[in-house]
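Reviewing the structure listed below.
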Number of protein chains: 2
Amino acid sequence: MGRLQTNSSAAETHCVGCGARDWTVCSSLTDDELSVLEGIRLGHRDYRAGADFLRQGEPQREVLTLLEGWAMRYCLLENGSRQIIDFCLPGAFIGFQPDGESPKGYAAQAITDIKVCALPQKGLMDMMRQTPNMAIRLACIGYRDQMAMARHLANVGRRRARGRVSNLLMELFVRVRMRSEAAASEAILLPLTQELIGDALGLTSVHVNRTLRGLREDKIVSLKGGTLRILDPDRLAEEAGFEDGVDVLESFS
Amino acid sequence: MGRLQTNSSAAETHCVGCGARDWTVCSSLTDDELSVLEGIRLGHRDYRAGADFLRQGEPQREVLTLLEGWAMRYCLLENGSRQIIDFCLPGAFIGFQPDGESPKGYAAQAITDIKVCALPQKGLMDMMRQTPNMAIRLACIGYRDQMAMARHLANVGRRRARGRVSNLLMELFVRVRMRSEAAASEAILLPLTQELIGDALGLTSVHVNRTLRGLREDKIVSLKGGTLRILDPDRLAEEAGFEDGVDVLESFS
DNA sequence: CGGAGCGTTGACTCAACTCAACTCGGGTGG
DNA sequence: CCACCCGAGTTGAGTTGAGTCAACGCTCCG
């Protein structure tokens, strides 16, 4: 379901040459540690846009690192609505749960076509026991993501629609910019529908639409056909509640 | 400011006898590891209700384990409003940040008078490098808290006031119940003002008040003078969106 | 050519906010 | 001991931000 091919074969690159490595768990591992990791990994996988590659309520024996494309983690509520927890960019570490046996509290879905690198939970836990470096790295990622989620929570809980949307766009802009070498133009690709934005921000897609119109009419941003253009960075930062403009970058994944 | 006394002295109990231990980082450490930890800890501290024992924007060289009382972590927004990230009960691990030097993204405040156990960030990191067990434990806590925060986010983003309040009360009830041996009566102590509840849920205190009135009039819960009484657990679970009633307990801290 | 999915817009509704007054209880100082 | 004050909780009236419902346009794709 959505899965394109089985574990890809010999053609698969080694971890050392991994394009996403700078953003993954694997960064800051020694070459030795990296080869251990390479020993236990289950290989790469591709999923189509829209594929649920991690299901809520099911236990999960694997952990995934996003290598290419956009994904998201989300919670499904009993009332049928969906809360998007976060948007994942290459390097994101998805699905880790200390207690591998208990059912996951969230699901994950591919937004664009994606490629992931799969690791067995168990093998990873074993490795953590032997190489503290790995355990530390995982802990760091866990707390970093926690911070990002706290910001997201504050955004949803305490800002009006315009502020929420501005804040999210700003955050995504920054995150995308960080991993593309050339920071030349102010346009980035944002493969999000208005419904996705709404589900991340606790708004309806209709209201996201109106809000975006407002921002467009005020010449602050334009989001059209998957392209986000920041027309007035200062105004946007203000609407978004970024006090220090773009200095906060460090704290993003 | 709010601090009652300096590091308490010899009277301080050993980690082995720590009353909060079952809920702390320290659980699941061997006696040896525990004595290492005991070697680096900075001692206990007491803070008055209302004291900000961890400030947003300042780097933090210490990590705290809550031993007694209630606390909260919160974000202050530029617009002056406050978003409560979570409520902390004894055992909570507060203030850990992989990169100890960068400023904290949130603050923490005592809700009641509290007692905490302080550890140096640096010492802890060193210990993690030597005892993988500790690193693993920290990672687990980080991901567990992440899950709790995701639930909180979903609650705030995708439920109406009545559902949010019900959900929060249910969660707190369960958490408090878990750490009190006798689960006899249905009443617990909840030292939260309506304003705190509002700031956690993205509501105004006025609206929390009306919502609580509604729940009281419907004979679902009563929250009066710091005492929470669940009058109709089933209805509450339904309002709160707890599908399995009280089976989800495991996943709480 | 016809759908399906996404975006856009308008008209109407309603949940939650704002503002403001008033109560109640506990603490404090004269 | 009493008057006062302050913080928390209540309640009402009016406002508004966001949701709902519904129609319609556009584009891509089969």
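Labels below follow one simple rule: chain letters A, B, ... track the order of the sequence lines, proteins then strands, and each chain is numbered from 1.
Of the candidate nucleotides C:dT9, C:dC6, D:dA8, D:dA8 has the atom nearest to the side chain of B:T193. Taking every side-chain heavy atom of A:H207 into account, D:dG19 is the closest of D:dG12, C:dC17, D:dG19. Among the nucleotides D:dT20, C:dT18, C:dC17, the one closest to any side-chain atom of A:V206 is D:dT20. Ranking C:dA11, C:dT8, C:dT18 by closeness to the A:R210 side chain, first place goes to C:dA11.
Within 4.0 Å of B:G202, counting heavy atoms only, lie sugar-phosphate atoms of the nucleic acid but no base atom.
Distances shorter than 4.0 Å separate none of the side-chain N or O atoms of B:Q194 from OP1 or OP2 on D:dG7. Applying the 4.0 Å criterion to OP1 and OP2 of D:dA8, one finds that B:K224 has every side-chain N and O outside that range. Residue A:R213 places at least one side-chain N or O closer than 4.0 Å to OP1 or OP2 of C:dT9. Side-chain nitrogen and oxygen atoms of B:T204 include at least one within less than 4.0 Å of the OP1 or OP2 phosphate oxygen of C:dC17. Between B:N209 and D:dG9, a side-chain N or O to OP1/OP2 separation shorter than 4.0 Å is absent.
Annotation: of the two residues near DNA chain C, A:E195 and A:R158, the 5′-most nearest-nucleotide partner is A:E195.
With rounding to whole Å, B:L215 atom CG is found 13 Å from D:dT10 atom P. Atom CG of B:L196 is separated from atom P of D:dA8 by 9 Å (rounded to the nearest Å). Between A:I111 atom CD1 and C:dG5 atom P there is a gap of 18 Å when expressed in whole angstrom units. Spacing between atom CG of B:L203 and atom C1' of C:dA15 amounts to 10 Å, rounded to whole angstrom units. Between B:I197 atom CD1 and D:dG9 atom P there is a gap of 8 Å when expressed in whole angstrom units. When the P atom of D:dT10 is taken as reference, atom CD of B:E217 falls 11 Å away, rounded to whole Å. As a whole-Å value, the separation of B:L212 CG from D:dA8 P is 15 Å. The distance between atom CZ of A:R160 and atom C1' of D:dG19, rounded to the nearest whole Å, is 15 Å.
Rounding to the nearest 0.5 angstrom, the gap separating the CZ atom in A:R162 from the NE2 atom in A:H207 is 11.0 Å.
Checked against the 6.0 Å centroid criterion, the rings of A:Y143 and B:F96 qualify as a close aromatic pair.
The base of D:dT10 has none of its N or O atoms less than 3.5 Å from a complementary donor or acceptor on the side chain of B:R216.
Under 4.0 Å is where a charged nitrogen must lie from a carboxylate oxygen, and between A:D199 and B:R158 at least one such pair does. Salt-bridge formation is not detected for the pair A:E217/A:R210: no Lys NZ or Arg NE/NH1/NH2 atom is positioned less than 4.0 Å from an Asp or Glu carboxylate oxygen.
Results of the side chain to side chain donor-acceptor pair (under 3.5 Å) test with A:K104 over A:E58, A:Q97, A:Q56, A:Q60 single out A:Q97 as the only residue that passes.
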